[in-house]
Structures are given as C-alpha cells and as structure tokens.
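The block underneath contains the structure these notes are about, expressed in structure tokens.
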Amino acid sequence: MKTAVLISGRGSNMQALVKASQTDGYPADIVRVISNEPTASGLDFAARARIGTDVVNHREFDRRESFEDVLHERLVAAEVELVCLAGFMRLLTEHFVSRWFDRILNIHPSLLPAYKGLQTHERVIEDGVRFTGCTIHFVRPAMDSGPIICQAAVPVLQDDTADVLATRVLEAEHRCYPYALSLVASGKTSIVDEKVAIDGVTELGNVLVNPPDGPA
Ligand code: GAR
C-alpha cells in the first residue's frame, strides 16, 4: 500500500517505518515524506533513502484549510493511499480528515485517551503513574483521538526524568508503529463502532506489573 509519512522534526518514527518497509513482504511502501517544517532533519534521512520529499510550510498559508489543500494535492500527486503522521505537530481539521477518513494513522507518546497533547512525559511523572506508553490510532478531527490500533505499556521508574522516559517510550514507538502499519496495510483491521477489530489476534500477550510483583 502506497504510504506517505508526515513529519515536523527528526523523524525517528518515520525512519522506523522506512526500515520496516524495506524488509521482505512488508505490505506498505513509503513513497513520500512530507514536512511542514523546512528544516526538519528527517527530510535528510528520507532523501538519502531515495524517497521523494516535499515541504509544505504552514506559515505560508492564512488558513489551515488552504495548507491542507496543498498537502492533499501533494498526496494525490504521489498516488498515496495511506498517511502516517509521525511527530507531525499540526492539528488536521475536519476538512482534511474527512477526505482521508480511516486512511490516516497517528502515533502519540502516551496510553490514550490519557495524556493527550504536549508535555506528556512531564505530566506522567508529575502524576506519579506507574505506566505510560504509546498509542497508534486512526485519526479523527479532535486532537489525539480516534480508534486505537495498537498500544504498548512502558513502565515509569522512580528516578525518571522526562528525557529518560521519552527515550524508553520512543523505543516502544519504533516497535509498535511498523507493526500497526503492517496490520492496516495488509487489510487486517476493520473499524466497528469506532473500535478497531484485528483479524487473527486472540492471544493475551505479556502482562506487566510495575513495581515487579513478588512474594508479599
Ligand atoms: C514522538 O515521540 C511522537 O510520539 C510524538 O513526537 C515524537 C516525534 O519523534 N508525537 C506527538 O507528540 C504527537 N501528538 P520523531 O520525530 O523522532 O518520530
């Protein structure tokens, strides 16, 4: 499935998707990387990987919808079928989301619906929760919302700073996003009542307890 990745910065999740797409039998092909930030360092990686890149600088538009129209044109020109947001820090309106309904994925560094928005790791540490994680979901117009495809739980440790925790969560992101994209691109997902059903996934995976449980 022809897939575009939208970024705003370093694009490490985009890199994970590109690397996965280069493995045998992977069902998505990354055909375009688009950034709203002209200086996004992820663009260099994409160019080195011989993937076509575009910059659509949101500052050059008065209205969000006009920015989105150009984004849409670039995606159509590249014959894109699926869009992955990977650290793309612009909110997309109904105008864009309705045109790509059920064809936009996003990754967010928390266990949604908890900790939507920015500064997730700082807020997680402030609240003293034992687990955080990452979520890959289909995009709806409201920020960080939409049917959830895949989540990974990541423990929060006693001495974590936001940076240390961000690094641990990012490792999980790099595992989960390629997996979620492969589920969608291979047609294994369907959305029923705004929930994602996945063909052939019935087993319970690992159960984590934090702090580790032992004899009482
Ligand atoms: C990632 O942690 C991603 O989950 C987050 O931005 C980072 C981008 O890193 N996205 C959001 O916060 C979106 N709400 P990357 O550019 O190295 O992939």
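Keep in mind that what you see is a predicted model, and the values were worked out from it rather than measured. Counting starts at 1 for both ligands and their atoms, in listed order.
- Ordered by chain and residue number, the residues placing a heavy atom less than 4.0 Å from ligand 1 are Arg10, Gly11, Ser12, Asn13, Gly87, Met89, Ile107, His108, Pro109, Asp144, Leu170, Glu173.
- Looking only at side-chain heavy atoms (C-beta outward), Val154 and Glu171 stay at 4.5 Å or farther from each other.
- Heavy atoms only, all atoms of each residue included: Ile107 and Ala86 are closest at CG2-CA, 4.2 Å.
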Taking it one step at a time, do Glu81 and Thr3 satisfy side-chain hydrogen bond (donor to acceptor under 3.5 Å, both in side chains)?
CA-CA 6 Å; Glu81 297 165 281; Thr3 303; over 6 Å; no
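- Under the 4.0 Å criterion applied to side-chain N and carboxylate O atoms, Asp69 and Arg64 are not assigned as salt-bridge partners.
- At least one side-chain heavy atom of Val196 sits less than 4.5 Å from a side-chain heavy atom of Phe138.
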Kindly determine whether Gln151 and Thr135 satisfy side-chain hydrogen bond (donor to acceptor under 3.5 Å, both in side chains), including the steps that lead there.
CA-CA 4 Å; Gln151 292 185 307; Thr135 302; 2.9 Å; yes
